[in-house]
Structure formats: structure tokens, C-alpha cells
Amino acid sequence: MSGVLVWSCCGPKEIANSLVGFTCNRGITQKRFSRINFARGASAFSSAVVAEPSRSSEERVYEVVLKQAALMKEKKRVTKISHDLNKDVHYTNGDLLNAAYDRCDEVCAEYAKTFHLGTRLMTPERRKAIWAIYVWCRRTDELVDGPNASHITPGALDRWEQRLTDAFEGRPYDMYDAALSHTVSQYPVDIQPFKDMIEGMRMDLRKSRYNNFDELYLYCYYVAGTVGLMSVPVMGMAPESKASTESVYNGALALGIANQLTNILRDVGEDARRGRVYLPQEELAQAGLSDEDIFRGRVTEKWRKFMKGQIKRARMFFDEAEKAVAELNSASRWPVWASLLIYRQILDAIEANDYNNFTKRAYVGKTKKLLSLPAAYGVTLLGPQKFSNIVRW
Ligand SMILES: CC(C)=CCC/C(C)=C/CC/C(C)=C/CC/C(C)=C/[C@@H]1[C@@H](COP(=O)(O)OP(=O)(O)O)[C@]1(C)CC/C=C(\C)CC/C=C(\C)CCC=C(C)C
Ligand SMILES: [Mn+2]
């Protein structure tokens with residue numbers, strides 16, 4: 001557990017020290033080791049740890065985190081803009097830009113009602129930027145998950161990436177891209193997490209099994225951790241925050257990972273019907289389970305025990321994220337708390353379904369979702385500790 005604390009609370013010097021510690025430890029971070037041990041038991045993983053002399057996914061992702069945090073501190077982007085976006089014809093026409101953001105607003109309201117409601121407390125400029133990022137993410141996800149998914153090739157993803165670069169360089173292709181183009185000209189948002197999300201979609205095209213948690217972690221970073229990294233520069237940190245920018249980025253990354261792990265645990269049956277098993281093969285084997293058990297879809301004692309470990313690990317990522325939310329700009333905290341509280345309840349719903357995630361979909365009902373909004377507001381105002389002392393939840 002101490003490793004987890006190191007991960008989220010230390011400053012750059014301690015992080016650097018802990019990374020040095022790693023190298024001496026055959027390239028395995030104490031953080032990763034502790035995190036996995038916490039959920040699964042040390043012996044189950046020691047062989048995987050020794051057998052992997054190269055850098056772990058967490059270390060590789062952590063490098064991106066450091067880079068993004070440095071960029072936010074410098075308040076500049078790496079990608080060179082070919083010209084001043086604010087002088088560009090697209091942006092001098094305020095009506096067109098407003099229309100572009102309005103379209104993002106509509107998509108967001110349609111696809112993610114509660115989240116959309118949650119963004120209402122953000123400043124108008126920030127919420128428009130978050131909508132633009134949301135829409136780009138949603139469209140990217142739809143490429144591989146939507147109705148045309150079977151036609152999507154690596155070439156199509158390459159073209160999508162080229163379009164992304166164009167948007168970042170001030171050459172938007174359509175209205176939604178115009179909103180994104182404007183957003184990235186206003187906030188220190190870097191292109192790397194966006195490219196990484198597309199990489200996650202490529203991974204989905206070529207891979208349907210994950211050998212171990214290290215592989216799954218990388219996938220989760222690509223498709224969801226990236227969302228956290230994209231959002232922080234827009235949400236902003238609280239001016240009074242004493243936390244390091246790196247620790248806030250780590251929290252944002254953790255929230256993305258937690259959400260994606262939850263998503264995977266919720267969708268085990270649905271994914272299996274599409275021939276996909278995201279659960280780490282080595283962990284399944286360690287629990288005496290295999291793909292066959294998943295395709296058969298019977299809730300056994302072995303399955304329950306296995307799921308308990310997986311849920312525990314997802315909750316650890318949520319806990320890690322929680323610590324960072326309070327460091328965000330106060331106007332941005334509400335939607336983040338709301339999304340955290342709602343998504344975390346999916347894990348409770350899996351438990352309430354007696355771990356039957358083969359044929360029963362764990363979901364958070366409308367009422368619970370709506371109740372999460374005032375709860376999130378309460379936590380935003382009081383902080384999680386004081387709030388839970390007042391309300392038992
Ligand atoms: C306030 C807030 C939540 C802001 C994020 C807004 C945003 C840009 C969301 C984009 C989400 C999106 C469409 C991602 C594409 C890939 C994807 C679908 C990932 C899965 C999301 C869940 O969607 P859903 O349940 O609809 O899944 P299906 O497509 O139906 O399978 C993910 C599980 C991941 C989403 C990840 C986040 C919302 C991470 C949010 C983290 C932050 C906003 C950082 C907060 C900062 C701190 C310091 C904690
Ligand atoms: Mn999806």
C-alpha cells in the first residue's frame with residue numbers, strides 16, 4: 001500500500017528517487033508491485049515481474065504524465081501552430097465558432113446526460129472546451145465501437161490521426177474539429193494523449209487477449225487514462241493547491257484507468273460474445289479459470305473470488321484518483337466527482353448482481369445517478385472526509 005502513496009503524493013524528487021529504486025529492482029516499480037500485490041497476493045505475480053526485464057507499462061505511461069505536467073506548468077504546447085489561430089478566418093467568425101461549440105454541446109447532452117449536467121458548474125469557456133474534447137473522444141470510440149466498426153481498418157485510423165494533426169495545426173475538417181482546434185489553441189492541451197487514444201483503438205483492432213495486468217494497464221491508459229490527461233489542462237488546478245502538477249495528472253490518469261477497468265468488469269459477458277477477453281490471462285490461470293469458463297458464463301465460487309480481486313484493484317485506482325480531485329480548480333470539481341461517484345457505483349452493482357457479469361448488466365439507475373449530482377456537489381464543497389462524516393453513503 002505504501003507504494004500507492006508514493007505514486008500519488010510525492011513530489012518530483014521523490015518520484016525520481018523511486019524510479020532509481022526501480023532500476024535497481026530489475027526495472028519494476030515499487031508502485032506497480034505494491035498495487036498488484038495489494039489486490040492479488042505477491043506470489044501470483046513474482047514470476048511475471050522477474051520475467052519482464054524491460055520497463056513496465058506504468059513506467060512508460062508515467063513518462064507521458066511527467067511530460068504533460070511539465071507542459072501544463074510551462075503553459076505551452078509542443079505542437080507548433082502554423083499560424084495564430086485567433087487570427088484565423090474560422091475564429092474571427094464568432095458565430096461559426098459558437099455554432100461549432102453548440103453542436104458539441106448537443107452531442108454531449110445526447111450521449112452523456114449526467115456528465116453534461118455536471119459540466120454546468122464549470123466556467124462557460126472551460127465547459128465548452130471539455131465538450132469539444134468529449135466529442136472528439138466519443139467520435140474516436142465510435143470508430144471502433146459504433147455501427148461502422150466492422151469497416152474500420154488501420155488505414156482509417158491513420159487518416160483519423162492525420163485529421164487530428166490538422167485540427168491541432170489550425171486546419172479543422174468539420175465543425176466538431178473546429179471546436180477542438182479552438183480549444184487546443186486556448187489551453188495547454190498536448191496532442192500526445194489524443195494520438196495515444198487512437199493507438200488504443202489500433203490495439204483493439206489487432207488484439208483480443210491480454211497476457212497480464214501490465215498489458216491491460218497500457219490498454220486502459222490508451223483508451224481512458226488519456227482522457228484524464230486531456231482534461232486536466234482545461235479543468236485547471238486550484239490556485240491555492242499545494243499539490244504538485246504531476247500528482248494531479250497521476251490522479252487524472254488513475255481515474256481513467258479506474259473507469260476503464262470498471263467498464264471491462266461490467267462488460268465481461270458482452271465482450272466475450274464479441275470474442276474478446278480483456279481480463280489478464282495470467283490472473284485467470286492463477287485463479288484456476290480460463291477463457292472457456294468465461295464463454296460458459298457460470299458464476300462459480302472461483303469466479304466470485306476472482307472478481308473480488310479485480311473489483312478491489314479497480315477501487316484502488318478510484319481511491320488514488322479521489323486524492324487529486326480536491327486539487328482541481330473548484331469550478332471543475334463537480335463533474336469529476338459526479339463521474340467518479342457514478343462509475344464507482346457500477347462496481348457495487350456487480351457485487352449486487354452476485355458477480356454475474358455474464359448475463360446481467362451492472363448499471364446505476366437514473367435516480368441513483370441524479371442523486372450522485374448533489375452528493376458530488378456536497379463533496380466538492382466539503383471534501384470527501386467531512387462529507388462522509390455528515391452523510392453515510
Ligand atoms: C468531467 C469529466 C468526466 C470529463 C471527461 C470528459 C471527457 C473528455 C470524456 C471522454 C469520454 C470518452 C467518450 C472516451 C472515449 C473512450 C471511452 C468510451 C472510454 C470509456 C468511458 C466510459 O464511457 P462509456 O461507459 O460510455 O463506455 P462505452 O463506450 O459505452 O463502452 C471510459 C470508461 C473512460 C472515460 C474516462 C474518463 C471519464 C476519465 C476522466 C478523468 C478526468 C476528467 C480527470 C479528472 C481529474 C482528476 C485530477 C481526478
Ligand atoms: Mn465504447
Side-chain angles (χ1 to χ4, degrees), residues 8 65 68-69 72 104 107-108 110-122 126-127 129-146 149 180 183 189 193-194 196-198 200-201 204 219-238 241 243-267 270-271 274 276 278 314 317-329 331-344 346 361-364 369 376 380:
S8 51
V65 165
Q68 296 304 308
M72 174 145 148
C104 294
V107 173
C108 223
E110 173 70 26
Y111 278 84
K113 285 189 184 61
T114 325
F115 156 68
H116 182 257
L117 211 64
T119 57
R120 286 281 147 203
L121 264 202
M122 296 176 84
R126 284 199 170 119
R127 78 170 161 252
I130 280 289
W131 291 339
I133 296 176
Y134 176 88
V135 169
W136 184 86
C137 292
R138 178 48 67 200
R139 291 174 97 188
T140 306
D141 186 59
E142 284 290 299
L143 291 178
V144 292
D145 252 8
L180 182 70
T183 288
V189 176
F194 292 80
D196 285 347
M197 181 179 279
I198 299 176
M201 306 302 157
D204 248 335
Y219 172 74
C220 291
Y221 158 68
Y222 280 147
V223 300
T226 48
V227 178
L229 305 191
M230 295 168 192
S231 309
V232 172
V234 171
M235 294 181 160
M237 277 176 70
S241 170
S244 67
T245 316
E246 292 82 5
S247 69
V248 175
Y249 269 93
N250 261 330
L253 167 71
L255 184 53
I257 305 269
N259 284 350
Q260 190 59 32
L261 288 175
T262 302
N263 203 291
I264 286 169
L265 298 179
R266 179 193 66 189
D267 295 344
E270 199 182 308
D271 288 333
R274 299 189 302 153
R276 301 191 156 275
Y278 287 99
F317 281 99
F318 277 120
D319 292 348
E320 205 169 323
E322 269 198 11
K323 291 175 225 148
V325 189
E327 311 302 335
L328 288 173
N329 187 293
S332 305
R333 279 177 221 154
W334 191 34
V336 176
W337 271 120
S339 110
L340 191 153
L341 295 181
I342 291 170
Y343 238 77
R344 196 165 54 185
I346 297 177
R361 187 175 168 92
Y363 71 96
V364 180
K369 267 191 186 166
T380 302

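In this text the structure is predicted, and so the values were computed from the model without any measurement. Indexing begins at 1, ligand by ligand and atom by atom, following the structure's order.
A donor atom on one side chain and an acceptor atom on the other are not found under 3.5 Å apart for Asp271 and Tyr278.
Only backbone heavy atoms of Val223 (N, CA, C or O) come within less than 4.0 Å of ligand 1; its side chain stays farther off. Of all the heavy atoms of Glu327, none lies under 4.0 Å from any atom of ligand 1, so neither backbone nor side chain is involved. Contacts between Cys137 and ligand 1 below 4.0 angstrom, taking non-hydrogen atoms only, involve backbone and side chain alike. Of all the heavy atoms of Ser231, the ones lying under 4.0 Å from any atom of ligand 1 belong exclusively to the side chain. Contacts of Asn259 with ligand 1, taken as heavy-atom pairs under 4.0 Å, involve both backbone and side chain.
Within the listing of ligand 1, atoms 22 (C), 24 (P), 25 (O), 27 (O), 31 (O), 33 (C) sit less than 4.0 angstrom from a heavy atom of Asn263. For ligand 1 and Gly251, the ligand atoms under 4.0 Å from any heavy atom of the residue are 49 (C). Which parts of ligand 1 touch Gly228 is read off a 4.0 Å heavy-atom cut-off, strictly below it: atoms 41 (C), 42 (C), 44 (C). Contact atoms of ligand 1 toward Met235: 1 (C), 4 (C), 43 (C) (distance under 4.0 Å to a heavy atom of the residue). Each of the following atoms of ligand 1 lies closer than 4.0 Å to a heavy atom of Pro335: 1 (C).
With distances taken over non-hydrogen atoms, the option nearest atom 24 (P) of ligand 1 out of Tyr343, Tyr111, Phe115 is Tyr343.
Judged by the shortest distance from any of its heavy atoms, Glu322 lies outside the 4.0 Å radius around the atoms of ligand 1.
For the salt bridge (Lys or Arg N to Asp or Glu O under 4.0 Å) test, no residue two or more places apart in sequence or in another chain qualifies with Arg127. Take Glu327 and apply the salt bridge (Lys or Arg N to Asp or Glu O under 4.0 Å) test, not counting sequence neighbours, and it matches no residue.
Taking the six-membered ring where the residue is Trp, the centroids of Tyr134 and Tyr111 are separated by 6.0 Å or more.
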